[in-house]
Amino acid sequence: MLYTVFSMTTAEIRQKFLKYYEEQGHKVIPSAPLVPENDPTTLFTGSGMQPLVPYLLGEPHPQGKRLVNSQKSFRSQDIDDIGDNRHTTFFEMLGNWSLGDYFKQEQLPFVFNFLTEELNIDPKKLFVTVFRGDEKTGIEKDTESIELWKNLFKEKGIEALDTDLINEEEAGKRGVKAGERIFAYDTKKNWWSRSGVPEKMPFGEPGGPDSEIFYEFDFVVHDNKFGENCHPNCDCGRFLEIGNSVFMEYWRSEKGFEKLPQKNVDFGGGLERFVAITENTNDIFQIDTLKGIIETLEKLSGKNYKDESLTPAFRIIADHVRSSVFLIGDGVLPSNSEQGYFVRRLLRRAIRFSDKLGIENSGLSELVSPLLEFYKDAYPETFDKKAFIVEEIKKEEEKFRKTLRDGQKELSKRLEKGNLSGEDAFLLFSTYGFPVEITEEIAKEKGISIDKESFNSEFKKHQDLSRAGSEQKFKGGLGDTSEKSLQYHTATHLLQQALRDVLGHTVSQKGSNITPERLRLDFAFERKMTDEEKKRVEEIVNQKINEALPVQNIVMSKENAEETGALHFFGEKYGDQVSIYFVGKDLATAFSKEYCGGPHVKNTSELIGTFKIAKEEAVSAGVRRIKAVLE
Ligand code: SER
């Protein structure tokens with residue numbers, strides 16, 4: 001067969017995918033918003049399966065057992081890496097799911113046929129990987145998928161050999177031998193869960209072996225900066241991962257890896273990567289949706305995308321503006337906290353790079369309209385907010401320009417003194433958002449150089465602090481240290497112990513979030529609480545408040561701390577010295593003892609109001625959420 005590939009637009013491929021799976025009995029479900037609605041574990045929706053976790057764990061989905069969609073996704077951890085030809089922070093993930101219905105035997109032909117028959121991709125360009133088995137979890141090599149792949153390639157007249165590539169390092173040494181097309185890798189490459197490898201998965205999390213598909217750009221010459229030899233998981237760019245079928249049949253329990261009540265399939269394919277390969281281009285930024293922005297930027301700047309010294313700047317602006325458009329469309333406005341901070345960072349970074357292209361007043365808001373034209377049918381909820389998005393981007397541009405002007409004045413003042421310390425440069429960066437490179441260039445004009453080492457050490461201090469801050473914020477759960485938040489923090493400890501007294505000792509904290517208005521506690525428990533149980537828990541907490549018990553802190557070695565029986569839920573997070581907060585006259589008779597960094601009130605009598613459970617609901621299978629207030 002001759003594989004003549006006709007390039008297709010993003011909209012066409014999206015539509016083809018949905019239709020193809022609909023014909024195989026799947027129901028099309030809408031894309032969930034970029035900010036998860038009911039998931040405290042993550043800030044953004046980063047894959048199609050994320051909103052489906054409860055159903056993958058066994059809850060029945062109202063649309064049935066076969067689902068398909070195109071999911072808007074955003075991955076914030078990639079921001080600093082954007083600039084190459086294939087990574088973007090926003091992307092659309094095509095997904096199909098079997099919730100306890102079909103498994104490997106149907107899934108691999110589904111995806112292979114979609115690529116080779118519907119998109120007309122030459123199967124000779126496709127290479128696949130499978131799970132090689134793992135001693136620690138006791139989960140065996142996926143020989144079934146190997147056999148299935150062999151047969152699929154055979155049907156296309158291709159003899160596909162398989163081999164064990166062990167891990168990335170070994171694979172780089174060995175490379176690929178003639179005829180090999182199926183490669184088995186370890187858990188780092190062929191196991192999928194939201195938290196990565198099996199040992200990183202929290203209890204209750206689903207995951208499983210996966211099988212990835214790669215496309216080979218034979219015109220890309222391997223770069224041995226990435227290893228002696230090339231192989232599908234090599235980062236040189238010759239192979240591009242285009243899709244991943246996760247065979248999600250396990251979950252991590254305290255005993256090890258157990259089978260889920262149902263075997264699931266979770267497939268994710270990069271829509272834009274599909275478009276790129278139908279065009280046989282290895283540059284994602286050359287496909288329709290992004291090309292439009294790049295061309296507008298070329299017009300605005302008078303510069304050429306093909307000028308290699310500027311290509312990364314074009315890509316960064318295009319990526320960051322698109323992500324901001326979709327995030328703002330889903331209600332995330334630029335700010336200094338939580339999700340909003342990422343939009344601010346994306347826009348400000350885009351502005352700095354548009355300065356690099358010499359675009360007057362950034363021009364970012366002018367990119368919104370040409371971009372959204374490509375998405376009006378697929379994401380009308382974003383398209384309809386066009387005017388609002390443009391306004392928000394303009395406002396942020398103005399704010400940042402003002403910040404930069406203020407920074408400029410501050411810099412001039414400091415330069416007049418004739419020197420500029422690393423601390424000064426850092427202050428300009430942290431307070432005025434003044435990039436150190438810009439500071440350096442201006443200072444250079446005056447013949448002044450900056451002590452980069454001391455700037456870097458200030459920068460590192462700041463990073464450590466903000467990392468500690470966000471860990472505290474997102475894991476420890478305390479949003480601020482206002483009086484009311486402190487009361488709620490102590491109330492959370494009382495609640496946790498009361499729950500254990502009423503529901504038993506399997507109750508353990510999975511997450512917590514405290515604001516001055518309420519507390520929120522997620523805990524492991526299998527079922528809905530009865531009204532009786534809720535009432536009893538409230539009574540216990542209120543009784544402890546009335547007893548006016550002291551809340552005390554003690555720091556001790558980890559070994560001694562373990563002997564006290566104090567509760568702790570995040571294992572290895574604690575160092576050698578452990579801080580314990582206990583509620584009661586002494587540690588031995590305390591009502592509640594927990595590993596905790598504080599802060600708390602000094603006495604339970606400081607909790608103002610009556611403790612009341614406002615809501616009790618499921619977050620995912622086996623995890624309940626309580627919202628409670630003092631009123
Ligand atoms: N969840 C898998 C991924 O994100 C497949 O959908 O790659």
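Counting starts at 1 for both ligands and their atoms, in listed order. Here the structure is a predicted model, which is why all the values come from computation and not from measurement.
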task = Please work out which of the three classes, parallel, tilted or perpendicular, describes the rings of Phe183 and Tyr185, given edges at 30° and 60°.
result =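 Plane angle between 30° and 60°, so tilted.
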
Under-4.0 Å heavy-atom contact with ligand 1, by part of [X] that carries it:
X      : result
Asn244 : both
Phe267 : backbone
Glu212 : neither

| query | Quick one: nearest non-hydrogen protein atom to atom 4 (O) of ligand 1, plus distance? | reply |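 Scanning the protein heavy atoms, the shortest distance from atom 4 (O) of ligand 1 goes to Trp192 CZ2, 3.2 Å.
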
* To do: Can you pull out the closest protein heavy atom to atom 6 (O) of ligand 1? Residue, atom name and distance to 0.1 Å, please.
  =>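 Checked against all protein heavy atoms, atom 6 (O) of ligand 1 sits closest to Asp266 OD1, 2.8 Å.
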
### Modelled atom types, side-chain donor and acceptor of Gln262 and Asn264, under 3.5 Å
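Indeed, the side chains of Gln262 and Asn264 share at least one donor-acceptor pair under 3.5 Å.
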
- prompt: So, Arg625 and Asp522, do they make that salt bridge, N to O below 4.0 Å?
  reply: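 Yes, charged N to carboxylate O under 4.0 Å.
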
* Looking at NZ of Lys259 and CD of Glu249, how far apart are the two atoms once the value is rounded to the nearest 0.5 Å? ->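 It comes to 4.0 Å.
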
> Can Lys104 be said to sit on top of Phe247's aromatic six-ring, NZ or CZ under 6.0 Å from centre and within 45° of the ring axis?
Replying inline: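 Yes, Lys104 sits over the ring of Phe247.
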
Query raised in the report: Does NZ or CZ of Arg66 fall inside the cone over Tyr21's six-membered ring, less than 6.0 Å from its centre and within 45° of the axis?
Result: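 Arg66 over Tyr21 ring: no.
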
Any N or O on Ser47 sitting closer than 3.5 Å to an N or O of ligand 1?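 Between Ser47 and ligand 1 (N or O atoms, distance only) the closest approach is not under 3.5 Å.
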
Is there at least one pair of N or O atoms, one from Gly268 and one from ligand 1, spaced under 3.5 Å apart?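 Among all N and O atoms of Gly268, at least one is under 3.5 Å from an N or O of ligand 1.
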
Check: Does Arg194 have a heavy atom less than 4.0 Å from any atom of ligand 1?
Finding: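 Heavy atoms of Arg194 never come under 4.0 Å of ligand 1.
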
Q) Do Ile242 and Phe214 have side-chain heavy atoms sitting under 4.5 Å apart? A)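 No. Closest side-chain heavy atoms not under 4.5 Å.
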
Counting from 1, what ligand 1 atoms have a heavy atom of [X] closer than 4.0 Å?
X      : value
Met49  : 1 (N)
Arg75  : 4 (O)
Val246 : 2 (C), 5 (C)

| message | Quick check on salt bridge (Lys or Arg N to Asp or Glu O under 4.0 Å): which of Lys177, Arg181, Lys150 does Asp162 satisfy it with? | response |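 The residue from Lys177, Arg181, Lys150 that satisfies salt bridge (Lys or Arg N to Asp or Glu O under 4.0 Å) with Asp162 turns out to be Lys150.
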
